[in-house]
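The structure appears below as structure tokens.
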Amino acid sequence: MPEEAGFPPAKRFRPGCGPPGGRVVMLLAAGGGGGGRRQQSALAQPAASPYPEAVERQRRSLPIFPARGQLLAQLRNLDSAVLIGETGSGKTTQLPQYLYEGGVGRQGIIAVTQPRRVAAISLATRVSDEKRTELGKLVGYTVRFDDLTSEATRIKFLTDGMLLREAISDSLLRKYSCVVLDEAHERTVHTDVLFGVVKAAQKRRKELGKLPLKVIVMSATMDVDLFSHYFNGAPVLYLEGRQHPIQVFYTKQPQQDYLHAALVSVFQIHQEAPPSQDILVFLTGQEEIEAMSKTCRDIAKHLPDGCPSMLVLPLYASLPYAQQLRVFQGAPKGCRKVIISTNIAETSITITGIKYVVDTGMVKAKKYNPGSGLEVLAVQRVSKTQAWQRSGRAGRENSGVCYRLYTEDEFEKFEKMTVPEIQRCNLASVLLQLLAMKVPDVLTFDFMSKPSPDHIQAAVAQLDLLGALEQKDDQLTLTPLGRKMAAFPLEPRFAKFHCTEEILTVVSLLSVDSVLYSPPARRDEVQAVRKKFVSGEGDHITLLNIYRTFKNLGGSKDWCRENFVNSKNMMLVAEVRAQLRDICLKMSMPMVSSRGDVESVRRCLAHSLFMSAAELQPDGTYVTTATRQPVAIHPSSVLFHCRPACVVYTELLHTGRCYMRDLCVVDADWLYEAAPDYFRRKLRAARD
DNA sequence: GAGCACTGC
């Protein structure tokens with residue numbers, strides 16, 4: 001491969017790098033490539049199979065199948081276990097069925113958590129098909145806005161966030177006999193909090209002499225000592241998968257310009273490999289991806305005769321759904337598919353037919369600075385586990401090749417694992433939820449990877465300022481307001497509101513991705529169309545106007561298209577709003593309309609967002625009230641050309657400068673009313 | 001005077 005990039009001879013590896021040492025039970029060695037030897041174990045045979053032949057054959061061909069008997073025998077006697085299964089081992093679809101067939105579901109439901117909604121839904125569909133039952137009966141799923149379960153449900157797939165929500169009303173998880181935490185290696189905030197919640201529930205149920213709670217942690221990576229150690233030395237069961245071997249190349253020299261290196265690699269592969277073999281390139285963001293896509297298309301037009309043609313497809317989350325779908329369609333014969341993607345293709349979207357992966361080793365990710373309390377999105381190096389995850393995308397159907405655009409020495413210096421999200425985000429929501437579950441002492445909660453004390457303290461301070469906390473007998477507990485806030489699937493700062501029709505709408509608009517669609521090429525058109533909604537009082541009121549018009553005119557997709565509104569997100573706003581409204585009604589919160597009284601909406605925003613306020617300076621610039629940091633109004637704001645004396649904002653965006661996004665004009669007095677102590681402290685600090 | 005990775009309740 002590319003001499004210019006300077007790749008040395010390949011190394012072969014299997015993703016996951018083989019089983020670790022220590023407390024590991026080897027369940028099976030099925031061999032890779034799907035052609036491995038099969039062990040037939042008498043234990044592994046279900047007594048009389050209820051499955052039709054084809055499904056049964058397919059189930060039996062999975063690497064997990066020969067281990068069935070051994071696995072069940074082990075798990076039956078264990079409170080907790082860690083199961084490592086490589087991609088394609090069949091663990092997620094089969095294990096819940098084995099557990100059920102083994103009687104684990106008799107006294108309670110088997111919960112299987114997933115970080116993503118689509119995964120929970122599609123797994124439930126598949127498993128209920130395998131069981132030849134109607135979805136929602138024996139096998140069901142629960143995700144936000146969608147619950148397909150019934151009295152009969154024994155195997156329930158749900159998002160990790162959903163199980164966490166359930167734990168607020170029942171922290172012992174009494175419905176469940178077993179919780180399977182899948183994709184644990186991804187370490188989402190929700191999974192991380194669940195680790196602590198299920199561990200505590202398990203302990204408490206034992207103390208109370210209740211039905212034991214079985215906990216099974218499933219991970220795709222070998223690095224599981226942490227899991228095992230956390231669950232009191234739970235045994236690690238290892239299951240080999242169906243991954244195919246992948247050749248990994250490193251560059252000989254460090255690359256100054258990873259974009260250029262990626263471009264060179266793509267065209268070297270393109271000129272050497274058969275056109276049926278597709279390429280997946282990992283870059284960091286939309287702009288980079290669009291630019292690279294254009295360059296690739298331009299170069300592909302001028303390639304020498306005999307070179308195959310190229311279909312270049314960008315892929316990132318904010319790409320319209322229809323365009324995302326194109327990556328799944330086959331390219332015409334003799335044409336190569338080149339997919340240029342963010343890390344969305346690492347886990348969320350799986351594309352078949354990828355033979356080559358080009359890994360720049362870079363990713364855009366959130367970093368948290370507990371000192372300043374700010375979250376910053378920055379381009380940074382991937383971790384080793386992330387790099388292996390990317391390589392693995394090349395070997396899903398056949399052997400594959402991964403070009404790493406960094407040297408092996410550089411790779412060795414990468415962090416071993418991605419820092420878990422819980423150490424990189426604002427913890428206010430997490431603490432609010434833990435307090436709602438009546439966790440005895442949130443400050444010493446048993447996190448698997450503990451956030452730093454100042455990090456936790458910052459969240460406590462934020463919740464305290466919002467009026468959610470009180471100190472009772474040396475314990476932090478929730479105020480009635482705090483309990484109300486915890487009931488809403490919202491950031492704590494947005495969950496503090498007087499329930500009016502208008503506020504429900506604004507809060508819903510803020511909790512989904514922007515409903516505004518602004519293609520840069522049609523900027524003048526966008527501005528002309530948007531003019532009729534613009535409010536001098538800021539972006540929130542403008543959004544409110546857009547939503548109202550959308551609803552009044554029947555909420556059609558055509559209207560959205562004509563008005564540069566993202567209809568998918570707009571529908572979601574309506575769905576969120578309906579959910580919030582239900583919660584308000586359930587809690588008997590009085591619902592009033594401010595009848596066009598926009599000032600009350602702005603006052604309410606001031607009460608939620610007083611921690612994110614900025615003041616106009618005599619020189620025409622702005623500084624934040626909290627930290628006196630210089631900030632500017634983002635050009636996308638309707639207030640871009642205005643100079644209001646005092647604003648609150650939803651978000652700070654760190655790019656070249658520091659921009660405020662989604663602004664609302666407020667009266668400085670309202671801010672003071674919202675948190676007098678806080679502003680007195682700020683004033684004192686400013687004087688000293 | 002500019003531009004946000006990815007999830008989830």
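All figures in this text were calculated on a predicted structure; none of them were measured in a lab. Naming: A, B, ... by sequence-line order, numbering from 1 per chain.
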Cation-aromatic face contact R404(A)/F411(A), 6.0 Å, 45 degrees: yes
For T188(A), which contact category applies under a 4.0 Å heavy-atom criterion: base, sugar-phosphate, or nothing? nothing
Does any part of the side chain of K484(A), heavy atoms only, come nearer than 4.5 Å to the side chain of K496(A), both counted from C-beta? no
Just by distance, do the side chain of K91(A) and the backbone of G85(A) share a donor-acceptor pair under 3.5 Å? yes
Can you work out whether L377(A) or P115(A) has the more 5'-proximal nearest nucleotide on DNA chain B? L377(A)
Which part of the nucleic acid does R165(A) contact within heavy-atom distance under 4.0 Å: base, sugar-phosphate only, or nothing? base
Span of DNA chain B, from the first to the last nucleotide whose atoms fall under 4.0 Å of chain A heavy atoms: dG1(B) to dC9(B)
Position toward the 5' end of DNA chain B (nearest nucleotide), L653(A) or I633(A): I633(A)
Listed by chain and number, what are the salt bridge (Lys or Arg N to Asp or Glu O under 4.0 Å) partners of R493(A), not counting sequence neighbours? E491(A)
Is F640(A) touching bases, backbone alone, or none of the nucleic acid, heavy atoms closer than 4.0 Å? base
Check: Q617(A) side chain, E615(A) main-chain N or O, donor-acceptor pair, under 3.5 Å: yes
Any base atoms under 4.0 Å from Q433(A), or only sugar-phosphate, or nothing? Heavy atoms, all strands. nothing
Close side-chain approach of I339(A) to R326(A), heavy-atom, < 4.5 Å: no
Using a heavy-atom cut-off of under 4.0 Å over every strand shown, decide if R523(A) touches base, sugar-phosphate, or nothing. base
At under 4.0 Å between heavy atoms, what does V143(A) touch on the DNA or RNA strands: base, sugar-phosphate, or nothing? sugar-phosphate
Counting the atoms with a prime plus P, OP1 and OP2 as sugar-phosphate, which does R661(A) contact under 4.0 Å by heavy atoms, base, sugar-phosphate, or nothing? base
